[in-house]
J.: 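This is the structure I want to talk about, given as structure tokens.
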Number of protein chains: 2
Amino acid sequence: MSFLNTVHLNSVHYTEWMTPEYNSTRHDREGVARAALALLDEVGLADLSMRRIAGRLDVQPSALYWHFSSKQELLADLADRITASIPRADADVPTVARSIRDALFTHRDGAELVLSTYALGLGSATAQAALEDALRRSGAADPAQRAVALLHFILGHATLVQQRMHADSHGAMENGGTLDVTAGLDRVFDLGIRALADSGEPLSAAPTLRRDRA
Amino acid sequence: MSFLNTVHLNSVHYTEWMTPEYNSTRHDREGVARAALALLDEVGLADLSMRRIAGRLDVQPSALYWHFSSKQELLADLADRITASIPRADADVPTVARSIRDALFTHRDGAELVLSTYALGLGSATAQAALEDALRRSGAADPAQRAVALLHFILGHATLVQQRMHADSHGAMENGGTLDVTAGLDRVFDLGIRALADSGEPLSAAPTLRRDRA
DNA sequence: ACCTGAACACCGTTCAAGT
DNA sequence: ACCTGAACACCGTTCAAGT
């Protein structure tokens, strides 16, 4: 009976009279990706299955394979959407680094997703380029390699922090002093970024004070 | 018929006469973990299923749950074995960092495994402690936080490099200049480690030459 | 102490066929 | 252009029961 109902709703002869307002259940690549990203925030990467995404769209699992050739391709698309949200500003290295981290934090398990996807692809080339530009402007040595090192640190750090956040939230917090664990990790991030941003020999002998603002 | 045969082989009445040399098919926690670690090297983390591990041990999947309460616990055990192989030497920071990275590289997907497992646990506390000790000996500022930053960098970097290695090996190498990609990443690692090992303001106004030993 | 057998509630993916 | 239905070859986990 329930399936009869469904059949009836869907059998709206797909012909000329089917105007946009009658179209409800059919999706495009964009719609699938957006639904998947929303679902990611609700259930997390481990529980983001093709079947669940399909269920959210009121569609059979096999329908997703018209839009994406595999789950891997879908995940790569999501990773690209996350890294694409990095603002492209003429900021200094710590600011760019923080904006990359914040983009990863925008979605649940975002860091892990981008990390898993990064190796295969040109995804997060955006992030790498932004870091390299900022480094070049600051006059740092070896800006290209330094950008890669910064990106690896940001991805590793963000992945670990995001995991820890999720574990602490509905997990076993057996440690009494876990209150400031995130605050401590924030200082670790700043320390790491600053160390990777400027070090080494060349340019300006004065170490501490660059930056002429105020 | 095949299952009859199996039944016959296993029904060696479990009593006193069952001396060690007759015992063949029964396992302990250690044996399961070793088999799983060996299988990890063959098939990789994505294909390391409980059912495959059981198959390797000629045992039903459910048998594994006598030794480990979940797959997660088994994986955590493997991660601990990998980090436990880090040599405990009085070496300088780059040397310690490299030995941690090499321990992660000892097994296929070792970095990813440890990274996934690290958040939950005290695993890789070994690595963190080793780094902190080395930093303290070097007189670096904020050794505790710096150790965490170094560990995050090492885990992120090693995970990315290991993924890339595997992708390049039997994957689509569409890039012409991928030959020196690993060499380049090795230089990135050294740069990152050195930057994180020494930087910052305090101690000795002269930036480059510390080192009072010898 | 360690394992089997059977079941439960899931997976990703393919493909002919429908509209 | 987009989807269904059905199938294939898998998953992790539980639990009574066996030896």
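This is a predicted model, so every value here is computed, not measured. For the numbers below, each heavy atom of this structure counts, side chains included, while hydrogens, waters and symmetry mates do not. Order of the sequence lines sets the chain letters (A, B, ...), proteins ahead of strands, with each chain counted from 1.
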J.: Take the protein atom CZ of A:Arg26 and the nucleotide atom P of C:dG18, then report the distance between them rounded to whole Å.
T.: 15 Å

J.: Give me the distance, rounded to whole Å, that separates C:dA17 from D:dC2 when you measure between the P atoms they each carry.
T.: 22 Å

J.: Can any side-chain N or O of B:Asp92 pair as donor or acceptor with the backbone N or O of B:Thr95 at less than 3.5 Å?
T.: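 A pair under 3.5 Å: yes.
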
J.: Report the residues that fulfil side chain to side chain contact (heavy atoms under 4.5 Å, CB included) with A:Asp190, sequence neighbours left out, ordered by chain and then residue number.
T.: A:Arg98, A:Arg194

J.: Using a heavy-atom distance cut-off of less than 4.0 Å, which residues of residues 28-39 of chain A contact DNA chain C?
T.: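 Here the set is empty: none.
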
J.: So does A:Arg137 have more than 12 non-hydrogen atoms from other groups sitting under 6.0 Å from CZ?
T.: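 Atom CZ in A:Arg137 is packed in, count exceeds 12.
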
J.: According to side chain to side chain contact (heavy atoms under 4.5 Å, CB included), who are the partners of A:Pro87, at least two apart in sequence or on a separate chain?
T.: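 In terms of side chain to side chain contact (heavy atoms under 4.5 Å, CB included), with neighbours along the sequence ignored, A:Pro87 is linked to A:Ser99.
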
J.: Nearest whole Å is fine: how far is D:dG12 P from B:Ile53 CD1?
T.: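 Taking atom P of D:dG12 as the reference, CD1 of B:Ile53 is at 8 Å.
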
J.: Do any N or O atoms from the side chain of B:Glu112 and from the backbone of B:Gln163 form a donor-acceptor pair under 3.5 angstrom?
T.: no

J.: When we call it a touch if two heavy atoms are under 4.0 Å apart, what does A:Ser62 touch: a base, just sugar-phosphate, or nothing?
T.: base

J.: Just jot down the salt bridge (Lys or Arg N to Asp or Glu O under 4.0 Å) partners of A:Asp133, sequence neighbours excluded, or say none.
T.: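 With sequence neighbours excluded, A:Asp133 shows a salt bridge (Lys or Arg N to Asp or Glu O under 4.0 Å) to A:Arg88, given in chain and number order.
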
J.: For residues 36-49 of chain A, which residue pairs qualify under salt bridge (charged side-chain N to carboxylate O under 4.0 Å, His left out), counting only residues two or more places apart or in two chains?
T.: A:Glu42-A:Arg56

J.: Got a sec, which residues hit side chain to side chain contact (heavy atoms under 4.5 Å, CB included) with A:Ser85, two or more places apart in sequence or on another chain?
T.: A:Ala103

J.: Quick check on DNA chain D: between B:Ser69 and A:Val59, whose nearest nucleotide comes earlier from the 5' end?
T.: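 Its nearest nucleotide lies further toward 5', so the answer is A:Val59.
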
J.: Both distances under 3.5 Å, Watson-Crick or G-U wobble: on that basis, could you give the dot-bracket string for DNA chain C, with [ ] for crossing pairs and | for other-strand partners?
T.: ||.|||||...|||||.||

J.: B:Gln128: which residues meet the side-chain hydrogen bond (donor to acceptor under 3.5 Å, both in side chains) condition with it, sequence neighbours left out?
T.: B:Tyr118

J.: Can you name the residues that form a side-chain hydrogen bond (donor to acceptor under 3.5 Å, both in side chains) with A:Gln145, not counting sequence neighbours?
T.: none

J.: Would you say D:dC3 has OP1 or OP2 under 4.0 Å from some side-chain N or O of A:His67?
T.: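 True: A:His67 side-chain N/O within range (under 4.0 Å) of D:dC3 OP1/OP2.
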
J.: Test of understanding: with salt bridge (Lys or Arg N to Asp or Glu O under 4.0 Å), list the residues that count as partners of B:Arg136, not counting sequence neighbours.
T.: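 For B:Arg136, the residues satisfying salt bridge (Lys or Arg N to Asp or Glu O under 4.0 Å) (neighbours in sequence not counted) are B:Glu132.
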
J.: Atom pairs, N/O to N/O, protein against nucleotides 7-11 of chain D, distance under 3.5 Å?
T.:
unit_1	atom_1	unit_2	atom_2	d
D:dC11	OP1	B:Ser49	OG	3.0

J.: Using the P atom in both, what is the distance from D:dA9 to C:dC10, to the nearest Å?
T.: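 To the nearest whole Å, 22 Å.
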
J.: Whole Å only: how far is the CZ atom of A:Phe68 from the C1' atom of D:dC3?
T.: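 Between C1' of D:dC3 and CZ of A:Phe68: 16 Å.
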
J.: Between P on D:dT4 and CG on A:Leu64, what's the gap in Å once rounded to a whole number?
T.: 9 Å

J.: How would you list, by chain and number, every residue that makes a ring-ring contact (aromatic ring centres under 6.0 Å, His included) with A:His152, sequence neighbours excluded?
T.: B:His157

J.: Using whole Å, report how far CD of A:Glu73 lies from P of C:dG12.
T.: 15 Å

J.: Which residue lies toward the 5' end of DNA chain C, A:Leu48 or A:Ala63, if each is placed at its nearest nucleotide?
T.: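 Upstream on the strand: A:Leu48.
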
J.: Nearest to the B:Gln60 side chain among C:dG5, C:dA1, C:dT13, which nucleotide is it?
T.: C:dG5

J.: Please state how far atom CH2 in B:Trp66 lies from atom C1' in D:dT14, giving the value in whole angstrom units.
T.: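 Answer to the nearest Å: 17 Å.
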
J.: Could you tell me the separation between the OH atom of B:Tyr65 and the P atom of D:dT14, rounded to a whole number of Å?
T.: 7 Å

